[in-house]
J.: 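There's a structure below that I have some questions on.
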Amino acid sequence: MTEKPTLFLCSCDNSQKIDVKGISKALGFDTPPMVYEQLCRSQIEALNSPAAAGKQATICCTQEAPVLLEAWAEAASDDTAPTFVNIRENAGWSDEGPKSAAKMAALIAESRVEVPGATIIAMTSEGRTLILGHDDTALQAAKRLAQHLDVTVLLTKTDDILPPAFGDVPVFTGKVTRAVGHLGDFTLSVEGFATLDPSSRDGVRFSSSRTEVEHLDADILIDLRGVPALFPAPEKRDGYLRADPANPAAVERTLFDALNLVGEFEKPRYVTHAAAACAHARNSIVACTRCLDACPTSAIQPDGDHIAIDPYICAGCGECAAVCPTGANTYHYPSLQGVMSRGKVLLETYRAGGETAPVLLMADATYGAEVISMMARFGRGLPARVLPFTQNNVTSIGLDTLLSLMAHGASRTLVLANPAQTDELAALHEQVTYANAILQGLGYGADRIAVIEEADPGAVEQHLWSLPKDPPAPASTFTVAGNKRETLSMALSHLHAQAPSPQDRITLPMGAPFGAVTIDDNACTLCLSCTSACPTSALKDNPDRPELRFRESACVQCGLCQKTCPEKAITLAPGIDFSGAARNFSVLKTEDPFECIRCAKPFGTKASIERMVEKLKDHAMFSGPGGMDKLMMCENCRVEAMSEEQPDPFAQGTLPVTRTTEDYLREREAAHEAVKASEADNEPKN
């Protein structure tokens, strides 16, 4: 921010106390701005002057943003628009509101950070609606929607259903065996598909079912069957609406929502995938399935040795990016760089206001914001040292974000998670466990990062106000500009340099994305199959001699080397080495090459040749004189030795003569002449 914005502060009818001098000091303002009391009402004309001048502006109110934005637009001379920031629920409405100047300034500064958005993908729905049901509820729903949408009904049960009196909606029956797709592109496979018999009288009857599978397409899918959903995490599948048929209110809401699903829609491409960095598999050997296991919507599927992400099914939870050890999956809503740009400004401005040891409270804009608002309105609010830090989805928070924020000066980082999403929080808890293991190993103490899962705002409030006072956190100024591993490396280097009790090596729980590999020297034959499987080139060979080298800083503990090793000689050892040796290649195993017993040419390794001789010593192919010697010869000598054997295995013997068409015709003519001669000899003589 090169230009200081025009700042509109409002005490909200004196319901909060604002230390304007403290805010100005933290933001670097030469002249303190004016504090209004009713900016959205009696003092709304104050928006006219800066708007006419076309200056940047930040309005410290979000509740009345529509009113303020309308007034701004009427007076603005260009297309400039103000930014809005909530300092009332997040800071002012608190028992420590009068001491929250540094916090208010930090929130204001963070709101001014421009973060690039994600790319957009488009979906089109023409309103083709398929309703699934097993009773009259589905038929009545179809009748309601038929005037607005192109509706089809598929009944999965047909007992005790009266046929419709007017055939304005196609009605079929069948069993759904498979469903794929999203808004604008659903496809269902149906067994036993049959059409409604128009002569149905006292109950629905259907024509004879077809034996083949019928495929039905739809833009909108309404499920009123009252059975388990067709998709995992059904509430996250765009275009799939589901309601309990026994709940009329829920059915009514579903029908209303369906009416709004016609037209062209946009959604962000939340995650991008770099296949070259993916550690999922090599040569059809599967090792890393972290993102596949974490995705709640099954938007991620195996694609050969890599994975593929369907952006139309992806709901933006970001778990795949959080758990990806290599950074092949990258979250863009916002990106790590965007999150850290905001976090860095937030923490720097808080320190500029003379405060230290801030606590970051990471929360989403729905559940998290609601909990914070409830605490502010009916409780003590947030403590002055607790800085709310809004995320699109807290499940996207990974080890890189958590440790980078600690390196930038957060004394504690708390993640406020919706307890209704417990099934989706396993990956987040895993990342927090790894981060705490590192921080505790460096002497920062236990549980400096935690997840709060509470449905009661009072319990959240009690937890925040009972936090211990932490010492000032060491702050770094590095800028996040690289990939996930580079960001982690910078954060770890800073945390180690400032650690209360630095250690050269910290052991981490199994599954952590850092560590070494150990080799069973007796089992390893230096076949080097692990080097071709390693996706990060942490394992490499030596082109000049039989040697296996390893660089720990590049290892992501994916396990591909372990699963590829034919001798099962590799073991993973999760941990972090801060000594500096991890950045260099070390030799895990080396051997002298085996020399050919005939020409002394080096080839293979002693271990591999000896292992092969041991395994094949009783094989019939090598049972003859000198048979085992061939295994100890180089490729050239082996061929020469075989050519010297008697009988010569390369001898061809007498080659058959090539026969042509003329040969066959000549033989046929000779046979014909022989028959004629025989017949002449057998004729009776006069």
Side-chain angles (χ1 to χ4, degrees), residues 121-158 161 163-164 166-196 204 206-207 209-210 212-245 247 250-267 297-299 301 310-315:
I121 57 175
M123 295 184 292
T124 301
S125 169
E126 297 178 355
R128 297 174 304 147
T129 303
L130 177 61
I131 299 179
L132 308 177
H134 65 266
D135 57 19
D136 191 59
T137 302
L139 296 177
Q140 294 301 320
K143 185 177 180 180
R144 296 278 307 278
L145 291 178
Q147 299 178 8
H148 309 282
L149 303 174
D150 180 7
V151 182
T152 300
V153 176
L154 180 68
L155 296 174
T156 56
K157 293 181 181 179
T158 60
I161 300 178
F166 184 64
D168 56 340
V169 175
V171 179
F172 304 98
T173 187
K175 178 183 178 182
V176 178
T177 58
R178 184 171 180 264
V180 296
H182 51 83
L183 176 65
D185 188 21
F186 284 107
T187 300
L188 276 69
S189 300
V190 182
E191 287 184 353
F193 182 82
T195 59
L196 178 67
V204 294
F206 293 86
S207 60
S209 63
R210 306 176 185 176
E212 69 271 14
V213 175
E214 186 75 14
H215 298 287
L216 300 181
D217 297 328
D219 296 323
I220 306 167
L221 190 55
I222 300 177
D223 192 346
L224 302 178
R225 298 174 301 158
V227 298
L230 293 173
F231 305 101
E235 69 283 355
K236 298 179 183 294
R237 183 70 59 122
D238 293 326
Y240 180 60
L241 306 176
R242 182 167 169 260
D244 183 355
N247 187 339
V251 173
E252 193 69 21
R253 286 194 300 270
T254 298
L255 301 184
F256 180 81
D257 292 340
L259 295 174
N260 294 321
L261 294 180
V262 181
E264 295 184 357
F265 301 88
E266 294 181 342
K267 68 178 294 185
T297 63
S298 295
Q301 296 295 328
D310 188 335
Y312 295 96
I313 298 178
C314 174

J.: Is a donor on one side and an acceptor on the other found under 3.5 Å between the side chain of Asp219 and the backbone of Arg128?
T.: yes
J.: Minimum heavy-atom separation for Asp168 and Ala146, please, with both atom names.
T.: OD2-CB, 4.1 Å
J.: With sequence neighbours left out, write down each residue that passes side chain to side chain contact (heavy atoms under 4.5 Å, CB included) with Ala315, or none if nothing qualifies.
T.: Lys236, Thr297
J.: Have Asp238 and Tyr312 got a donor and an acceptor in their side chains that come within less than 3.5 Å?
T.: no
J.: Looking at side-chain heavy atoms only, is the closest gap between Ile222 and Leu145 below 4.5 Å?
T.: yes
J.: Does Arg242 reach the main-chain N or O of Arg225 with its side chain, forming a donor-acceptor pair under 3.5 Å?
T.: no
J.: Where do Thr254 and Ala243 come nearest, in terms of heavy atoms and distance?
T.: OG1-CB, 3.2 Å
J.: Indicate the atoms forming the closest heavy-atom contact of Phe172 with Phe206, along with that distance.
T.: C-CE2, 3.7 Å
J.: Throw together a table of side-chain donor-acceptor distances under 3.5 angstrom for residues 173-187, partners on residues two or more places apart or in other chains.
T.:
from: Thr173; atom 1: OG1; to: Leu155; atom 2: O; distance (Å): 2.8
from: Thr177; atom 1: OG1; to: Ser189; atom 2: O; distance (Å): 3.2
from: Thr187; atom 1: OG1; to: Asp217; atom 2: OD1; distance (Å): 3.1

J.: With Asp135, which residues qualify under side chain to side chain contact (heavy atoms under 4.5 Å, CB included), at least two apart?
T.: Thr137, Pro245
J.: Minimum heavy-atom separation for Ala138 and Gly133, please, with both atom names.
T.: CB-CA, 3.8 Å
J.: Atom CZ in Arg237, atom CG in Asp223: separation rounded to 0.5 Å?
T.: 12.5 Å
J.: Here's a test for you: under side-chain contact (heavy atoms from CB on, under 4.5 Å), which of Leu132, Thr152, Leu221, Val190 qualifies with Leu216?
T.: Val190
J.: Counting only N and O atoms by type, is there a donor-acceptor contact under 3.5 Å from the side chain of Lys267 to the main-chain atoms of Met123?
T.: no
